[in-house]
Amino acid sequence: MKIRVLGCSGGIGDGHHTTSFLIDDDILVDAGTGVTTLSREALARIDHVFLTHSHLDHILCLPLLLDSVAAGRDQAVVLHALPEVLGILKDHLFNWRIWPDFSRIPSVESPYLHYASLEIGESVHLGEREITAIPANHVVPAVGYLLRGNQGSLLYSGDTASHAALWDSVDQATDLEHLLVECSFATAQEAVARASRHYSSETLAADLALMRPEPAVWVSHLKPGNEAIIMAELEVLVPGRVRPLADGMVFEV
Ligand SMILES: [Zn+2]
Ligand SMILES: [Zn+2]
C-alpha cells in the first residue's frame, strides 16, 4: 500500500495544500486542496473516499472532484465516513443549495456518489488493504484512520486534541511503522487549540513522551506561518522524536 501526501497543511498559501492522502491510485483519505494537484485522469481513478470529519479543509475538493469526473466513470464513488459526518454533508453541502445531491443524479438507481456509513473501530477491506476508523477528539464527530498494507501499518490521527483512545490504537497496532499526527498550534496559542480541539506543541509532546520509540512520527496540519515555531518547540520538548510531514511525501506499508 502506497500512501502519497497530496496535502497536509493546516491552511493554504505559499504553495501549501490542505489535507488529502492518495492511497495507491484508487482511494482518497480526506479531500482537501491537495486533490487539486492530481490530473483529471488520476481523479477519475478514485473509487473510494474516506473522510475524517466534515470540516471544510478536509472536504472542499470532494464536490468538485465528483463534478469533474463522475460522469465519465462507470460506477459510483463510495464515500466512507461516520453517519454523523454523512448527515452533515447531506444537510449542508450536497443539498442543491451549495452543490447538487450527487447521490441522486443522474438517477437514484445509478448515482455518481454512494454513501457508506463507517463506525469507529470498523475496518473496510479493499483488496489486501485494510482501513480502520479510529477514535479522535475534535469539535465535530471525527475519526483518524489506521491504514494497513502487507508490510505494516500507518496511523493518521485526523484533527484531534489529546485523546487516550487514540494512543490505545497506537499501542495496539504492533506493526505500526508511521504515525502521522496533527499539531496545529504553538504553545502560545494553547487557548485556541483547546477551544478548537487541536493539539498544540505542549499537549502533543506530553502524549508523545509516553509513546513507544519505534514508529516514526510525522507532524501534520501545522498552521501556515507557524510551522517553524511549532517544530522548534517540539524539538525542545521531545528531542529528535518528530519530523514535519510535507506535501509529496510517499510512504509504503
Ligand atoms: Zn477540523
Ligand atoms: Zn483540519
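One-based numbering, in listed order, for ligands and for the atoms of each. Computed from a prediction, not measured in an experiment: that's the story for all the values here.
- Counting non-hydrogen atoms of other residues, nucleotides and ligands closer than 6.0 Å to CD of Glu128 gives a total of 12 or fewer.
- Proximity of a side-chain donor or acceptor of Tyr145 to a complementary backbone N or O of Leu51 within less than 3.5 Å is detected.
- Taking the side chain as every heavy atom from C-beta outward, Asp67 and Tyr112 never approach each other to under 4.5 Å.
- Inspection of the environment of the Zn ion (ligand 1) yields the following protein N, O or S atoms under 2.8 Å: His53 NE2, His55 ND1, His138 NE2, Asp159 OD2.
- Relative orientation of the His80 and Phe50 rings is parallel, given thresholds of 30° and 60° on the angle between their planes.
- His55 pairs in a ring-ring contact (aromatic ring centres under 6.0 Å, His included) with only one of the listed residues (His198, His221, His92, His138), which is His138.
- Taking the six-membered ring for Trp and thresholds of 30 and 60 degrees, His178 and Trp218 have ring planes inclined between 30 and 60 degrees apart.
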